[in-house]
Amino acid sequence: AFHDIMKVEDLLPAVQPEHSPYHGYNSGDVIRDHDMALRYILEHYPNLVPSYSVLAPAEQRVIMFTQGKMNFNHGWFVQAEGPPGAMLASFRRILKDGAEPADVSFYFLHWFTDLAGAEATPLGG
């Protein structure tokens with residue numbers, strides 16, 4: 001289980017020059033968004049997360065889908081805190097771009113685990 005591992009600040013990666021720019025981050029920038037930081041590591045240094053690196057490519061693709069920025073806040077959606085058009089536009093685009101049902105299902109599992117780790121204190125016991 002490595003979903004929220006990047007909430008440990010000492011593990012946050014800095015974008016290397018050969019990967020810059022990276023989703024709005026420049027060379028030397030520390031990626032402080034825990035999902036994007038994990039995506040960066042999985043994309044460029046998958047061997048650092050052995051439980052990911054041993055997965056089949058299709059399984060890795062599903063994991064990477066959950067680590068992208070969809071600009072979709074499921075919490076806001078469930079609680080009707082945002083306008084549906086604005087909230088669902090990028091999600092709709094992703095679906096039209098070929099997201100598989102398994103991708104979306106796993107994304108919602110990811111969202112559920114995000115709730116579980118929302119106030120995580122992994123080193124606090």
Parallel, tilted or perpendicular: ring planes of His44 versus His19, cut at 30 and 60 degrees: parallel
Side-chain ion pair, Glu9 and Arg32, N-O less than 4.0 Å: yes
Carboxylate-amine/guanidinium contact Arg39 Asp33, below 4.0 Å: no
Working for side chain to side chain contact (heavy atoms under 4.5 Å, CB included), residues Phe65 and Val62: CA-CA 5 Å; Phe65 179 83; Val62 173; 5.5 Å; no
Under 3.5 Å: donor-acceptor pair, side chain of Ser105, backbone of Ala102: no
Polar side-chain atom of Asp97 near backbone of Ile94 as donor-acceptor pair, under 3.5 Å: no
Working to the nearest 0.5 Å, report the span between [atom1] of [X] and [atom2] of [Y].
{"X": "Leu12", "Y": "Met36", "atom1": "CG", "atom2": "CE", "value": "13.0 Å"}
{"X": "Leu38", "Y": "Tyr52", "atom1": "CG", "atom2": "OH", "value": "9.0 Å"}
{"X": "Met6", "Y": "Ile41", "atom1": "CE", "atom2": "CD1", "value": "4.5 Å"}

Pair Ile5-Leu11, side chain to side chain contact (heavy atoms under 4.5 Å, CB included): steps then yes or no: CA-CA 8 Å; Ile5 193 170; Leu11 298 178; 3.6 Å; yes
Heavy atoms of other groups near Arg61 CZ, more than 12 under 6.0 Å: yes
Side chain to side chain contact (heavy atoms under 4.5 Å, CB included) between Tyr45 and Gln16, worked out: CA-CA 11 Å; Tyr45 304 101; Gln16 298 302 298; 3.3 Å; yes
Candidate pair Gln60 and Leu42, rule side chain to side chain contact (heavy atoms under 4.5 Å, CB included), full reasoning: CA-CA 9 Å; Gln60 288 181 354; Leu42 296 178; over 6 Å; no
hydrophobic_cluster_shared for Met64 and Val54, side chain cutoff 4.5 Å: no
Under 3.5 Å, sequence neighbours excluded: what are the donor-acceptor pairs made by side chains of residues 20-28?
unit_1 : atom_1 : unit_2 : atom_2 : d
Ser20  : OG     : Ser27  : N      : 2.9
Tyr22  : OH     : Tyr40  : N      : 3.4
Tyr22  : OH     : Glu43  : OE1    : 3.0

